[in-house]
Amino acid sequence: MKIILTSLSPDILSVIDPRFGRSACFLFVDPETLEWQALLNPAISAPGGAGIQAAQVVVDHQCSAVISGDFGPNAYNALKAAGVPMYLFGSCRTIQDAIERFKAGQLEQIGAPAPAGHMGMGKLH
Amino acid sequence: MRIAIASGKGGTGKTTVATSLALSLVGQGEQVNSVHLVPLFLDCDVEAPNAHLFLKPTFNFYQEVGILIPQVDEARCTHCGRCVEVCQYHAIAVLGKKTLVFPQLCHGCGSCTWICPDGAISEVVNEIGILERGFTPSGIDFAQGVLNIGEPMAVPVIRQLKRWATPESDQVVIVDASPGTSCPVVEAIRGADFLLLVTEPTPFGLHDLKLAVEVAHELQIPTGVVINRAGSDCGYASIVEAFCLEQGLPILLRIPFEREIAEGIAQGKTLLEIHPDYYGNRFRQMFSQIAALS
């Protein structure tokens, strides 16, 4: 099993990054063995569509869950279509804390997207 | 002749200047550079068109604006991801066995349709706005674009407005642009013979004026400046004037910081209706200067 979390630095000892599409890094983690790999977010400065690209990363790496601070409408719709469960960091400050709470089933699974950004993309279809 | 009005900073008085200039040219055909036709006014601030509040047109003609967006036939799609690779705007994503289109990110370029090896993509119209045209009581030929609420892309609406509402050969066109200096402004002022930049004597007004001047240089459009709220007591007037002097930008009009003007604009009046004796001639004089400079 491999899950993906958004982090501020490419390390499992990192603090979380609450942004999904604009996060600094993606961490791929096996919650059982704590083996991990990091990817710097290539879309951090993309003019648009960062959430969709991030969702594409999640799906391309066949992650079975994704944990972040929030998910915008496009990312939410993409991940929902791909059937990847989304979880929120909630009060977690570090990646390790988030993994522990994920394993204990204490993270909230998200059912609706966060409000859209300034580009007026809040109209959900 | 096509005169565009832009500013950089919002709220400096683009629409005040544009509507007053248009109104000053009505019925002045013989007097002003032998222009016989009534001006054509294009409100290209499609995210928030407001010139109609001052010129009060009655719209008789309408045209919907749409862009062609991809529609994926899941039965033919092999999820190869070629469309994702070619899309510069990340408007299409292949997620496992699903291909998703995000209409609000799509620029309608058609690359995905063209590259699809399985012929699984066709194009459908996605309506993003509407164009409206009619005459004002004063006789101005008026057209505006209105971007639908929630749509992020203004440029296709502006481009279509300019194609749809075309002037007669010797008709003066007044283009009211949106604030800022990004794509919608570039699209609105492109092709203009003269650019009027409306600024105010504040740090923000000057900062954005500098950006707007750079855009004008890039597009090689002769430019002049209107200083609104001139004489407002913030000590920035001389800095703005010095910048214009240094850049060789003619200051064509100074509109004073005056309560009567602010009240009139709040009531939907142009400068010509607020001070008819002064501004009619003043704007026609400015038009002659523009004609000489462009």
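The local environment of CD in Gln220(B) is sparse, with at most 12 non-hydrogen atoms from other residues, nucleotides or ligands closer than 6.0 Å. Under a cut-off of 6.0 angstrom, the local environment of NE2 in His207(B) is sparse, with at most 12 non-hydrogen atoms contributed by other residues, nucleotides or ligands. For Lys103(A), the NZ atom is densely surrounded, since the number of other residues' heavy atoms within 6.0 Å is greater than 12. When the shell of 6.0 Å around CD of Glu127(B) is examined, it contains more than 12 heavy atoms from other residues, nucleotides or ligands.
For a residue to count as touching a neighbouring chain, one of its non-hydrogen atoms must lie under 4.5 Å from one of that chain's; by this rule Gln53(A) touches chain B with the side chain only.
Between Lys98(B) and Ala81(A), the shortest heavy-atom distance links the atoms NZ-O, 3.2 Å. In plain terms, the two heavy atoms of Gly49(A) and Leu105(B) that are nearest each other are CA-CD1, 3.8 Å.
Counting heavy-atom pairs under 4.5 Å between each of Leu95(B), Val84(B), Val94(B) and chain A puts Leu95(B) at the top.
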